[in-house]
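What follows is a single structure, written as structure tokens, with notes after it.
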Amino acid sequence: MYRVLTVEGSAKRSVFKTVHGTVETPAFMNVGTVAAIKGAVSSEDLKELGCQIELSNTYHLHVRPGDEVIKKLGGLHRFMVWDRPILTDSGGFQVFSLASLRKIKEEGVYFNSHIDGRKIFMGPEQSMQIQSNLGSTIAMAFDECPSSLAERDYVHASVDRTTRWLIRCKDELARLNSLPDTINPDQLLFGINQGAVYPDIRIEHAKTISELDLPGYAIGGLAVGEPNEVMYDILDRVVPYLPKDKPTYLMGVGTPVDILESVSRGVDIFDCVYPSRNGRHGHLYTHHGTVRLLNAKYELDPRPIEEGCNCPCCRKYSRAYVRHLLKAKEMLGMRLCVLHNLYFYNRLMQEIRDALDNGCFESFKRGMLASLAEDNEK
RNA sequence: GUGGGUAUGGCGCAGUUGGCUAGCGCGCCAGAUUGUGGCUCUGGAGGCCGUGGGUUCGAGUCCCACUAUCCACC
């Protein structure tokens, strides 16, 4: 299923085979929370952008349109017409991001829907049932993502509960996968490491969940406000305790720099809203730093967002035109910007894989870090 | 032409019985944003308060004239 091809330091170049196709890693998952990449990007577009695997969200699809609806329509792949791998986030992060609307108990979490305010209960079993109805390739464990500022005692108790939840997730998914009418009987479960910024709690947790022999492991609860150096330090300490023969997924990360630094620390898979959300807001990534397209200095700029970029936006359109579209709040402006950013991220991952294949990742990384730090003011 | 209303940053407006460096929304300029509520947040620039007189210790606020504009009526 998962095979390491080459290693350079802690960096890994691997292939991860699933029933929905192979993911070449290091890989970036393009984020389509509600079974769509925001910004009018279709699943056809995703293929053109080089997307290998897409991420959707359990909580959001549960509240709308409802996982039962998607199951009746044949599962998420058929629903959104995407035949490559899909990872569904468990809803655990919403415990954290919608914190003002929730109550956490041993059995699970009581939410208020952000759509209509109605009460929702989600525990490990519910999350697995929803993800089973969606039929994603990879289901994520239902976890709690404690604040990076949380007290040590709280984090300790939270992580213990997350472990108990993980065992319940594993049991429940095994049961669901064996049911006759299940959408994807080969659905995989990834466990999630937590522990905020306490290395000893994280390491202990990593050891514990590794023993459950799941097909993959994620590191959650990072890049939520703590300094970058802290995140890198946690990765240095924790990744060695996760199985090397399984994919390692760093949740919610990150900037191009974060990705380079994390690959060199052994991470295989990433996801982040940056390319899509920032794209919608005119914050564009290039190999030579970011372009804030809404800045006045681009008003008359006839160049593409990035010279030499082969994305659907850069092949045709000028900064001036796309800037105008964003200013006018035309959907096309967002779309073109998101297309560029996702193309950039997917291409960056391809470049990382090529460098690993050629055994020159460290020098590639040094050069790319220098290039990304350029001002792009010209 | 007559009567009445209104004139405050690019636009739309607040400005209490006249009282310290005239506010707000949008827009504009710049910055944040890491398992996405097509958001949200943080800064910044920009105003001789229509013009000219007057009353007062002090006027965006009161008085007069003028100009512009809106409404009603001949």
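Order of the sequence lines fixes the chain letters, A, B, ..., with proteins taken first and strands second; residue numbering starts at 1 for each chain. Quick caveat, the model's predicted, so the values are computed rather than measured.
- Protein atom OH of Y249(A) is 11 Å distant from nucleotide atom C1' of U34(B), rounded to whole Å.
- Below the 3.5 angstrom threshold, one finds a donor paired with an acceptor across the side chain of Q194(A) and the base of G35(B).
- To the nearest whole angstrom, the two C1' atoms, one in G27(B) and one in C11(B), are 8 Å apart.
- Looking only at atom types and distance, the side chain of Q194(A) has no donor-acceptor partner in the side chain of T162(A) under 3.5 Å away.
- For the OP1/OP2 pair of C26(B) and a distance below 4.0 Å, the side-chain nitrogens and oxygens of K329(A) include no atom meeting the criterion.
- Side-chain contact between T248(A) and Y217(A) is absent, with no heavy-atom pair separated by less than 4.5 Å.
- Residue G39(A) is classed as a base contact, given a heavy-atom separation below 4.0 Å to a base.
- In this model, the phosphate group of C39(B) is not approached by any side-chain N or O of R277(A) to a distance below 4.0 Å at OP1 or OP2.
- An OP1 or OP2 oxygen of G37(B) is reached within less than 4.0 angstrom by a side-chain nitrogen or oxygen of H60(A).
- Counting any heavy atom pair closer than 4.0 Å across all strands shown, L87(A) reaches no nucleic acid atom.
- A sub-4.0 Å separation between OP1 or OP2 of G38(B) and a side-chain N or O of K38(A) is present.
- In this structure, H20(A) and H77(A) have parallel ring planes: the angle between them is below the 30° cut-off, well short of the 60° mark.
- With G35(B), C29(B), U33(B) as the choices, the nucleotide that has an atom nearest any side-chain atom of R323(A) turns out to be C29(B).
- Position along RNA chain B of the nearest nucleotide to M331(A) versus L294(A) favours L294(A) as the more 5'-ward residue.
- Residue contacts for N57(A): at a heavy-atom cut-off of 4.0 Å it reaches the sugar-phosphate backbone alone, with no base atom in range.
- Using cut-offs of 30° and 60° for the angle between ring planes, the F344(A) and H340(A) rings count as parallel.
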